Amino acid sequence: MDQHLYTTEGPPPNTVLWRPPEGGSVVLKERHYQPFSQVVRTLHIPDAIDICAKNMIAPKPIYSISTLKPKMLHWQRSHPCRYLHILWFGAKLDGENEDAHEWYGNVEFAIPIDVMLQRWKNLYFVEMVQAPTQTITRILVTNTDYSSVLPSYDPRTPGGPWRLTPDGRHERLVDCRRYNSKGYNRHGHTLEFMIEVTPFGMRKILDEVTISFRNHHQALSGGPHVCHRFGKTRTCPTPFIKDKSSHLFFEEHHRLIGRQPMATTPRLSPSAEVFLQRFLAAEEIPRNVLQVQVPPPLSEHDFPPVGAPGQDSVIFCNLLQKQVLNGEVRKCQLVFGFWDENVFGIISDSIWKPDKEKEKEKVIMKLPQHRPNKMQPPPLPHAPPPGYPPLFTPQDFPHLATHSGSPPRPTPPDYPPQPPPSDLPPLSPHPGYPPFPTPQGFPPLPQPPDFPLPPPPGLPPLHLPPPPMFQPPMFLNSWASLQSIFVRRQN
């Protein structure tokens with residue numbers, strides 16, 4: 001007897017959620033098993049671009065009719081699957097018609113089934129959904145132990161909707177029996193995988209996927225199974241064939257790649273590579289649009305100057321710690337400095353798992369560059385160091401009045417003596433040195449404003465005060481192209 005799980009309310013025909021008994025079979029005919037080697041997730045063009053922009057495939061809660069839907073588990077507060085976030089993937093048959101209409105969207109992300117079984121170890125039989133015209137089998141793929149609430153699924157067991165043959169082939173049923181063997185499937189049977197990913201896995205999954213394009217041109221026809229997301233409203237934004245879909249995808253990808261780093265890990269299928277070459281030739285772009293452009297180096301306009309002590313500088317540190325529902329602990333540390341506006345900050349974001357096997361840490365550094373003209377304090381006025389000869393002496397200008405207190409400047413031995421200049425205009429006094437005597441026939445030169453008088457000749461030379469304890473941080477230009485740093489720790 002089949003296990004009844006749930007039946008939707010309302011007039012018939014209703015949707016029934018059920019599971020076959022342990023060891024039971026849902027096979028109608030042996031020829032209904034057909035091989036498949038990939039699991040795919042097909043999305044509309046905006047959603048696919050968003051994945052490349054965020055460099056991850058973010059899981060979402062379960063909104064479809066399911067026994068694991070949060071609304072159906074609200075009364076079981078201790079149920080481990082109450083806040084489950086998953087990625088929907090479906091089994092794609094080998095040799096499937098690539099030109100057929102795909103009602104899920106335009107861009108297909110495919111993962112080999114063998115790779116999926118290597119990354120995720122636990123398989124659970126969630127349910128079989130008996131819709132009015134078809135049947136859907138859902139398998140939960142995860143690395144978490146849910147054996148207390150869900151039965152395990154072994155594809156090597158005969159009679160199931162998905163089986164693994166002794167020679168290593170994966171096969172799924174294209175048709176199966178319905179609940180209690182009543183009725184038939186007009187549109188056959190499909191196999192869906194509910195993949196649970198961690199924050200680390202939602203980024204690593206892009207290393208395994210391959211992108212291809214599908215036809216979605218019948219999305220506005222109003223027929224059944226034309227658009228999974230916008231079929232009832234007839235407002236699908238991308239009802240295009242795969243040629244136009246590929247051009248729009250690469251065009252938008254190329255437009256955004258100059259503004260932010262885009263994902264480069266998704267590989268292109270052979271057919272998608274052909275579409276890419278067509279796009280490059282049509283737009284006359286001599287490079288691959290899926291290559292990340294290095295952001296331009298930061299300039300001095302990106303960071304304001306750092307304030308010295310006493311100039312309203314504020315530095316604070318804040319540590320945030322939050323425990324998420326799956327047991328992980330997320331820590332976020334923020335260190336900021338302010339002087340009129342944000343000038344530097346270090347943000348560390350780490351996720352710690354309860355089993356202490358993996359820890360992902362993300363550090364974002366934003367620091368001011370070395371700007372000598374603004375970051376360093378202005379030099380203090382001081383006298384020349386002891387033993388340094390004067391810059392000018394009266395002997396250099398014989399037409400000027402002599403100055404008895406100035407020693408002669410030694411002539412460098414490597415250069416011949418230069419003839420004294422003649423007919424030179426009067427010079428202004430050099431800052432920090434005694435003024436020259438006023439030539440005959442000229443009024444006396446005024447003293448420079450706000451400049452201290454030089455010490456008498458008998459006093460020792462001035463000495464600079466010790467340097468201040470605070471020195472603004474100096475960073476070379478090699479820090480200009482700052483990128484996020486990801487560290488994965490494994491104990």
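Hydrogens, waters and symmetry mates are skipped; everything else that's a heavy atom, side chains included, is used. Since the structure is predicted, the reported quantities are computational estimates derived from the model, not experimental observations.
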Would Trp18 and His4 count as a ring-ring contact (aromatic ring centres under 6.0 Å, His included) if you check the C-alpha gap in whole Å, the side-chain angles of each, and the deciding distance to 0.1 Å? CA-CA 5 Å; Trp18 61 286; His4 178 267; over 10 Å; no

Would you say the side chains of Asp94 and Ser37 form a donor-acceptor pair under 3.5 Å? yes

Spacing of [atom1] belonging to [X] relative to [atom2] belonging to [Y], to within rounding of 0.5 Å:
X      : Y      : atom1 : atom2 : value
Glu22  : Thr157 : CD    : OG1   : 9.0 Å
Phe249 : His44  : CZ    : NE2   : 14.5 Å
Asn55  : Met202 : CG    : CE    : 12.0 Å
Leu248 : His253 : CG    : NE2   : 14.0 Å
Asp114 : Arg119 : CG    : CZ    : 11.5 Å
Phe213 : Ser246 : CZ    : OG    : 5.5 Å

Exactly one of [options] should register a side chain to side chain contact (heavy atoms under 4.5 Å, CB included) with [X]. Which one does?
X      : options                     : result
Val107 : Thr42, Leu43, Ile45, Thr238 : Ile45
Arg82  : Arg77, Met72, Lys69         : Arg77
Glu192 : Ile139, Val39, Ile136       : Ile136

Provide the closest heavy-atom pair for [X] versus [Y] in the form atom of the first, atom of the second, distance.
X      : Y      : value
Ser245 : Asn106 : OG-ND2, 3.1 Å
Cys176 : Leu173 : CB-CD1, 3.9 Å
Thr210 : Ser269 : CG2-N, 3.5 Å
His170 : Leu117 : CE1-CD1, 3.5 Å
Arg178 : Gly183 : CD-C, 3.5 Å
Cys81  : Leu150 : SG-CD1, 4.4 Å

Less than 4.5 Å apart, any side-chain heavy atom of [X] and any of [Y]?
X      : Y      : result
Ser212 : Glu108 : yes
Glu171 : Arg169 : yes
Trp120 : Asn143 : yes
Gln76  : Leu73  : yes
Ile195 : Ile86  : no
His79  : Val149 : yes
Arg203 : Lys54  : no
Val26  : Thr137 : no

Using the rule given for salt bridge (Lys or Arg N to Asp or Glu O under 4.0 Å), can you reason through Lys60 versus Glu196, listing the C-alpha separation, both sets of side-chain angles and the distance that settles it, and then say yes or no? CA-CA 10 Å; Lys60 295 182 179 180; Glu196 183 185 22; over 6 Å; no

Report, as yes or no, whether the 6.0 Å neighbourhood of atom CD1 on Ile65 holds more than 12 heavy atoms from other residues, nucleotides or ligands. no

Could you tell me whether a side-chain N or O of [X] sits under 3.5 Å from a main-chain N or O of [Y], the two making a donor and an acceptor?
X      : Y      : answer
Arg41  : Trp88  : yes
Arg267 : Asp207 : yes
His74  : Lys71  : yes
Asn14  : Thr8   : yes

Should Lys29 and Asp175 be marked as a side-chain contact (heavy atoms from CB on, under 4.5 Å) after you check the CA-CA gap, both sets of side-chain angles, and the distance that decides it? CA-CA 8 Å; Lys29 298 180 180 179; Asp175 194 9; over 6 Å; no

Can we say [X] and [Y] salt-bridge, meaning some charged N sits less than 4.0 Å from an Asp/Glu carboxylate O?
X      : Y      : answer
Arg177 : Asp2   : yes
Arg278 : Asp243 : yes
Lys242 : Glu98  : no
Asp99  : Arg214 : no

Where does the angle between the aromatic ring planes of [X] and [Y] fall among parallel (under 30°), tilted (30 to 60°) and perpendicular (over 60°)?
X      : Y      : answer
Phe36  : Phe193 : tilted
Phe279 : Phe250 : tilted
His217 : His101 : perpendicular

Name the atoms and distances for all side-chain donor-acceptor pairs under 3.5 Å in residues 124-135, with sequence neighbours left out.
{"unit_1": "Tyr124", "atom_1": "OH", "unit_2": "Asp145", "atom_2": "OD1", "d": "3.2"}
{"unit_1": "Tyr124", "atom_1": "OH", "unit_2": "Tyr146", "atom_2": "N", "d": "3.0"}
{"unit_1": "Glu127", "atom_1": "OE1", "unit_2": "Thr67", "atom_2": "N", "d": "2.9"}
{"unit_1": "Glu127", "atom_1": "OE1", "unit_2": "Thr67", "atom_2": "OG1", "d": "2.8"}
{"unit_1": "Glu127", "atom_1": "OE2", "unit_2": "Ser66", "atom_2": "OG", "d": "2.8"}
{"unit_1": "Glu127", "atom_1": "OE2", "unit_2": "Arg138", "atom_2": "NH1", "d": "2.8"}
{"unit_1": "Gln130", "atom_1": "OE1", "unit_2": "Tyr179", "atom_2": "N", "d": "2.6"}
{"unit_1": "Thr133", "atom_1": "OG1", "unit_2": "His187", "atom_2": "ND1", "d": "3.1"}
{"unit_1": "Thr135", "atom_1": "OG1", "unit_2": "Asn185", "atom_2": "OD1", "d": "2.7"}

Could you walk me through whether Tyr33 and Val27 pass side-chain contact (heavy atoms from CB on, under 4.5 Å), step by step? CA-CA 9 Å; Tyr33 276 112; Val27 181; 3.2 Å; yes

Stepwise side-chain contact (heavy atoms from CB on, under 4.5 Å) test for Ile111 and Val40: CA-CA 6 Å; Ile111 302 177; Val40 299; over 6 Å; no

Stacked cation flag Arg229 on Tyr104, 6.0 angstrom / 45 deg: no

Step by step, would you call Phe230 with Leu220 a side-chain contact (heavy atoms from CB on, under 4.5 Å)? CA-CA 9 Å; Phe230 305 98; Leu220 301 181; over 6 Å; no

